[in-house]
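Quick notes on the structure that follows.
Numbering of residues begins at 1 and proceeds along the displayed sequence.
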Amino acid sequence: MTSNIGSPTGPTQLTGTSPYLNTRSFALRFTSTPRGARLARRLVAVRLDEWGVPYGSEAHEAVVLVAGELATNAVRHGHVPGRDFHLSLRVTEAPRAVARVEVSDTRAERVPPRPGRLPEPEPGEGGRGLLLVGGLAERWGWHPRLGAPGKTVWAECALG
């Protein structure tokens, strides 16, 4: 982890009767290493639990798996020596409860296929991460990174 925007484990108070009434966000840069990807996944899990999406719930498990897959892909396929990846998580209610995970890396020439165009992975090889993301997320995609080289891969998961 190379920068800290807010405390990942500090108390978060939600108001109103719904645990998703307010929009909450969390964003950090992580080293582009397997350890950085694991830490990103773990901090997403902690933050979701603090925001009222409890450990063990279907929504929690789906968002954490999606975040882990996107972070792992940033390390495996988007790694540029000396460059970090950035993960952001936003949970919002309006118009319905949704978690959006975005992972940005600095490698612009290696982009994922567009949703709906994922090739079937070869037996015994990797390549199932985006298939999992596509199966768990309501929608996902990618776009060139704004204001910097690279790309941002995002996914949105329902929390209802």
Give me the atom names and distance for the closest heavy-atom approach of [X] to [Y].
X    : Y    : answer
P54  : D49  : CA-OD1, 3.4 Å
A27  : S88  : CB-CB, 3.9 Å
G56  : E61  : N-OE2, 3.4 Å
A71  : V103 : N-CG2, 4.1 Å
A137 : A155 : CB-CB, 3.9 Å
L132 : E69  : CD1-OE2, 3.8 Å

Euclidean distance, [Y] [atom2] relative to [X] [atom1], rounded to 0.5 Å:
X    : Y    : atom1 : atom2 : result
E102 : H143 : CD    : NE2   : 5.5 Å
T92  : R24  : OG1   : CZ    : 10.5 Å
F26  : R47  : CZ    : CZ    : 6.0 Å
R107 : R83  : CZ    : CZ    : 13.0 Å
D105 : N73  : CG    : CG    : 9.5 Å
L28  : L39  : CG    : CG    : 8.0 Å

Can you say whether the rings of F30 and F85 are parallel (under 30°), tilted (30 to 60°) or perpendicular (over 60°)?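 If you compare the ring of F30 with that of F85, the planes turn out parallel.
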
With heavy-atom distances below 4.5 Å as the criterion, would you say the side chains of [X] and [Y] are in contact?
X    : Y    : result
V63  : L89  : yes
W154 : V66  : no
H77  : P112 : no
T152 : L146 : no

Ignoring hydrogens and geometry, is there a side-chain-to-backbone donor-acceptor pair from [X] to [Y] under 3.5 Å?
X    : Y    : value
H79  : T33  : no
S57  : V53  : no
W142 : V111 : no

Check this for me: R90, atom CZ, are more than 12 non-hydrogen atoms of other residues, nucleotides or ligands nearer than 6.0 Å?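 It does not: R90 CZ has 12 such atoms or fewer within range.
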
Is there a path of hydrophobic side-chain contacts, each under 4.5 Å between heavy atoms of I, L, V, M, F, W or Y residues, that connects W51 with V44?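 As far as the 4.5 Å side-chain criterion goes, V44 and W51 are connected within one cluster.
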
Tell me whether L48 shares a hydrophobic cluster with W140, the cluster being built from Ile, Leu, Val, Met, Phe, Trp, Tyr side chains joined at under 4.5 Å.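 L48 clusters together with W140.
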
Does the pair S32 and D84 meet the rule for a side-chain contact (heavy atoms from CB on, under 4.5 Å), with working shown? CA-CA 5 Å; S32 191; D84 299 333; 5.6 Å; no

Passes side-chain contact (heavy atoms from CB on, under 4.5 Å), L87 versus L43? Steps please. CA-CA 10 Å; L87 179 139; L43 291 178; over 6 Å; no

